[in-house]
Amino acid sequence: MIEKAAHGALVETDNLQALLSGFERGDKGSLARLITLVENRAPGINHALEKIYSLTGRARVLGITGATGAGKSTLVNRLIAGYRAANRTVAVLAVDPSSPFSGGAVLGDRIRMTEHYRDPGVYIRSLSSRGSHGGVSRAARDIVKLLDGFGFDVVIVETVGVGQTELSVMDLAQTTVVVTVPEGGDSVQVLKAGLNEIADIFVVNKADREGAHRLKAELELGAGLGPSDGWQPPVILTKGLTGEGIDELMSALGQHAAYLKAHRDESRDGDRLQHEFTEIVTEEVGERLSRFLAQGEGSKIAAEVRCGKLNPYRAARELIEDRAMMARMLSAADRF
Ligand SMILES: Nc1nc2c(ncn2[C@@H]2O[C@H](COP(=O)(O)OP(=O)(O)O)[C@@H](O)[C@H]2O)c(=O)[nH]1
Ligand SMILES: [Mg+2]
């Protein structure tokens, strides 16, 4: 089922409690609204995430990355069908850093995925960056939490594999699939983009084209250069158009899940949770600082910094050392 994003104006009148109970009842409209609140970084959204957190941690989260046109959405479509056939519910978050919400690529994704439009066990949502720095990975993180907490068995995050944002989005995934194509040149490009470091599984899509086997061999060689203990990323040939190779991909995904289960790394899990925690604190404090500087005594300080009258280092130190003012700054909490 595909949801339209609600408009900002609707968001402001939303009642968080009503949304949360709708969410817990399995109402897709409430889910869609909460996702929009996350996208817009609406005030109070962290309260919502705090409330739903205990429901999270159950979904299988997959990342699918690779260049535009590699066939990611086509493969995602096939994976949806595969998981649905196994009676698992699937949510897809398509992250496209360049396109606005109605942009070509995202629209194309939606159209291609409409095969699953009427299936209530499928939910597809696009996320655009709207030019916000670092905002995409945060939004993606929180949206995956919502999809997971809502109860989808499988959450697939599709991103274009370029740049730091995409790499950081892939941190969310338990298993990352890097999709390559023969005409994408060669495996050197994969290595250059650092994709070999995040790949748990390589896919050579468009295996109907010239050079697919050569690329597979190169990737296998590259993957074999890594540490010889631990998981060895398999390289799977697929034809997105016909669905050939999808069974192999599904079984590789299953094998990686089993591997992760058998080799649970508690210190890495702990690192990830602590990182998440410090990120949330940093974001939250940063937002409170912005609100503090936007009005009252905060805006006076900001004005003096802006015109160069106040040394920013000194202003920062004085603010931090003034405990009463810090308390006022930190109490610049958001309200729904
Ligand atoms: N020849 C060929 N074309 C494919 C294959 N898989 C996907 N495509 C086509 O490649 C184009 C881009 O696919 P898409 O899934 O949108 O790529 P994305 O940008 O990575 O999501 C579409 O026209 C697909 O029909 C394949 O196995 N072989
Ligand atoms: Mg796509």
Side-chain angles (χ1 to χ4, degrees), residues 8-9 11-12 14 16 34-51 53 95-101 127-146 159-172 192-194 197-198 267-268 270-336:
V11 167
E12 309 209 345
D14 278 333
L16 179 61
L34 283 167
I35 292 177
T36 303
L37 293 178
V38 163
E39 268 188 296
N40 298 344
R41 199 64 209 152
I45 190 61
N46 275 7
H47 298 294
L49 292 163
E50 179 183 340
K51 291 253 162 59
Y53 187 79
V95 183
D96 193 313
S98 54
S99 320
F101 190 73
L127 170 66
S128 66
S129 74
R130 296 165 198 244
S132 55
H133 263 307
V136 181
S137 36
R138 171 169 71 184
R141 177 196 72 204
D142 292 344
I143 293 171
V144 167
K145 288 268 187 317
L146 288 173
T159 74
V160 176
V162 283
Q164 207 47 52
T165 303
E166 281 61 47
L167 294 180
S168 69
V169 166
M170 285 297 112
D171 282 349
L172 297 166
K192 263 208 262 181
E197 281 164 35
I198 60 163
S267 114
R268 225 178 108 182
D271 287 349
R272 198 177 41 75
L273 286 170
Q274 181 168 340
H275 178 70
E276 195 169 273
F277 163 64
T278 55
E279 245 178 22
I280 294 165
V281 174
T282 307
E283 289 157 10
E284 186 74 42
V285 171
E287 280 165 13
R288 285 172 194 227
L289 175 64
S290 299
R291 280 192 291 272
F292 177 76
L293 295 179
Q295 50 185 310
E297 60 178 332
S299 71
K300 292 198 190 95
I301 299 170
E304 291 189 5
V305 170
R306 290 168 67 107
C307 70
K309 222 168 104 188
L310 205 54
N311 173 337
Y313 288 92
R314 180 164 170 190
R317 183 178 51 75
E318 284 180 354
L319 169 61
I320 290 167
E321 287 175 358
D322 185 337
R323 294 175 71 172
M325 208 191 312
M326 273 302 270
R328 288 193 294 278
M329 188 277 274
L330 287 172
S331 68
D334 50 13
R335 296 270 174 273
F336 242 109

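We're numbering straight along the sequence, starting at 1.
Ion pair Glu284/Arg288 flagged as a salt bridge, since at least one NZ, NE, NH1 or NH2 atom sits closer than 4.0 Å to an Asp/Glu carboxylate oxygen. Ion pair Arg41/Glu287 flagged as a salt bridge, since at least one NZ, NE, NH1 or NH2 atom sits closer than 4.0 Å to an Asp/Glu carboxylate oxygen. Remark: Arg138 does not engage Glu276 in a salt bridge, criterion side-chain N to carboxylate O under 4.0 Å.
Using a 4.5 Å heavy-atom cutoff, the side chains of Leu319 and Phe292 are in contact. For the pair Leu330 and Val285, the minimum side-chain heavy-atom distance is below 4.5 Å. Leu127 places none of its side-chain heavy atoms less than 4.5 Å from the side chain of Ile35. Using a 4.5 Å heavy-atom threshold, the side chains of Arg141 and Asp171 count as separate.
The backbone N or O of Ala42 lies less than 3.5 Å from no partner atom in the side chain of Asn40, so there is not a single donor-acceptor pair.
Arg317 and Asn311 form no side-chain donor-acceptor contact under 3.5 Å, judged by distance and modelled atom types alone.
Distance OG1/Thr278 to CD/Glu283: 9.0 Å, rounded to 0.5 Å. Considering CZ of Arg272 and OG of Ser267, their distance stands at 12.0 Å, rounded to 0.5 Å. Atom CD1 of Ile280 is separated from atom CG of Leu49 by 8.0 Å, given to the nearest 0.5 angstrom.
Residues Val305 and Pro312 come closest through the heavy atom pair CG1-CB, 4.5 Å. In plain terms, the two heavy atoms of Ala48 and Leu16 that are nearest each other are CB-CD1, 3.4 Å. Contact detail for Ile320 and Met326: the closest heavy-atom pair is O-CG, 3.5 Å.
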* Can Arg314 and Glu318 be said to form a salt bridge (charged side-chain N to carboxylate O under 4.0 Å, His left out), step by step? -> CA-CA 6 Å; Arg314 180 164 170 190; Glu318 284 180 354; 2.9 Å; yes
* **side chain to side chain contact (heavy atoms under 4.5 Å, CB included) evaluation trace for Asp142 with Ile45** => CA-CA 10 Å; Asp142 292 344; Ile45 190 61; 5.8 Å; no
* To do: Evaluate the side chain to side chain contact (heavy atoms under 4.5 Å, CB included) criterion for residues Ile301 and Met325: first the C-alpha distance (whole Å), next the side-chain angles of each, then the deciding distance (0.1 Å), finally the verdict.
  => CA-CA 11 Å; Ile301 299 170; Met325 208 191 312; 3.5 Å; yes
* Working for side chain to side chain contact (heavy atoms under 4.5 Å, CB included), residues Leu293 and Leu289 -> CA-CA 6 Å; Leu293 295 179; Leu289 175 64; 3.9 Å; yes
